[in-house]
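Below is one structure, written out as structure tokens, with a few remarks after it.
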Amino acid sequence: MNWKFWDKQKKIRLDEKEDKLAKHIPLRKYTKGGKISSLIALGSLLLILLAVLISILMRGNAGIYVGLMTFLALITSAVGFGIGIKSFDEENRFMRYTYIGTISNAVIWIYILGMYLVFV
């Protein structure tokens, strides 16, 4: 067995590992915009669920208030989507809430817009 070759490979592996440790940037916090975007998505979802519940309880005669609640959910989800997209610029942070908030707001926005297009 060629021991010189083995030592050289081992040294290369250690050097690569040390470089990775030196380049390691600690990710300790989540993005602020991602957290806000996720909370806005949760609020929009709750508004939609409340509007649906009111409409069911009033047997379809809820009137303009349910429409205004849904419109408010549409606007807030669009704002949350914008905040989520903007939070991708934050560096050295965890992006979990950014992905969750951005995708959730986009789905809510498309759902409300689709409901409007189907029923109008």
Side-chain angles (χ1 to χ4, degrees):
M1 187 177 236
N2 189 355
W3 291 105
K4 290 181 183 180
F5 178 72
W6 178 259
D7 289 339
K8 190 175 181 181
Q9 251 187 346
K10 191 173 183 182
K11 186 174 182 180
I12 290 172
R13 287 185 189 151
L14 288 175
D15 290 341
E16 288 175 4
K17 189 174 184 180
E18 289 172 3
D19 286 342
K20 285 182 182 179
L21 289 174
K23 291 179 183 177
H24 178 69
I25 300 170
L27 299 173
R28 296 182 184 182
K29 292 185 177 181
Y30 292 99
T31 57
K32 185 177 180 182
K35 289 179 185 178
I36 293 170
S37 178
S38 297
L39 289 174
I40 289 174
L42 183 65
S44 295
L45 185 64
L46 290 176
L47 271 175
I48 292 170
L49 292 176
L50 184 64
V52 168
L53 182 68
I54 289 172
S55 182
I56 289 171
L57 290 176
M58 296 189 76
R59 297 184 183 173
N61 296 323
I64 195 166
Y65 299 110
V66 171
L68 287 175
M69 287 173 59
T70 308
F71 184 70
L72 181 65
L74 177 77
I75 298 299
T76 56
S77 66
V79 169
F81 180 75
I83 291 171
I85 290 293
K86 199 176 213 182
S87 71
F88 279 106
D89 292 339
E90 295 181 37
E91 293 182 1
N92 303 332
R93 305 277 182 163
F94 285 121
M95 296 281 184
R96 175 182 295 158
Y97 291 120
T98 301
Y99 287 117
I100 291 171
T102 305
I103 292 170
S104 300
N105 281 311
V107 167
I108 290 169
W109 193 80
I110 290 170
Y111 173 74
I112 294 172
L113 193 64
M115 265 193 337
Y116 174 74
L117 292 175
V118 166
F119 290 111
V120 170

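Every value quoted in this text rests on a predicted model; they were computed, and no experiment measured them.
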OH (Tyr97) and OG1 (Thr102) are apart, to the nearest 0.5 Å, by 14.0 Å
Would you please test Met115 and Thr70 for side chain to side chain contact (heavy atoms under 4.5 Å, CB included) and show each step?
CA-CA 10 Å; Met115 265 193 337; Thr70 308; 4.2 Å; yes
Donor-acceptor check, side chain of Ser55 to backbone of Val52, threshold 3.5 angstrom: yes or no?
no
Output yes when a side-chain donor or acceptor of Ser77 lies under 3.5 Å from a complementary backbone atom of Ala73, and no otherwise.
yes
I'd like to know if the side chain of Thr31 and the backbone of Arg93 have a donor-acceptor N/O pair within less than 3.5 Å.
no
Candidates Val107, Ile112, Asn105, Leu113 - the one meeting side chain to side chain contact (heavy atoms under 4.5 Å, CB included) with Trp109:
Leu113
Donor-acceptor contact below 3.5 Å, side chain Ser37 vs main chain Gly80
yes
So CD1 of Ile36 and OG1 of Thr98: to nearest 0.5 Å the spacing works out to 10.5 Å
If two hydrophobic side chains count as joined below 4.5 Å and joins carry through other members, does Phe71 share a cluster with Tyr111?
yes
Nearest 0.5 Å please: distance from the CG atom of Leu42 over to the OG atom of Ser44.
9.0 Å
Report the relative orientation of the aromatic rings in Tyr30 and Phe94; use parallel for angles under 30°, tilted for 30 to 60°, perpendicular for over 60°.
tilted
Could you state the interatomic distance from CG (Leu46) to CE (Met69), rounded to the nearest 0.5 Å?
10.0 Å
Quick one: do Leu39 and Leu45 end up in the same hydrophobic cluster if we chain Ile, Leu, Val, Met, Phe, Trp and Tyr together by side-chain heavy atoms under 4.5 Å apart?
no
d(Leu53 CG, Leu57 CG) to nearest 0.5 Å is 4.5 Å
Distance from Leu47 atom CG to Leu74 atom CG, nearest 0.5 Å?
11.5 Å
Nearest heavy-atom neighbours spanning Gly84 and Ser87:
O-OG, 2.8 Å
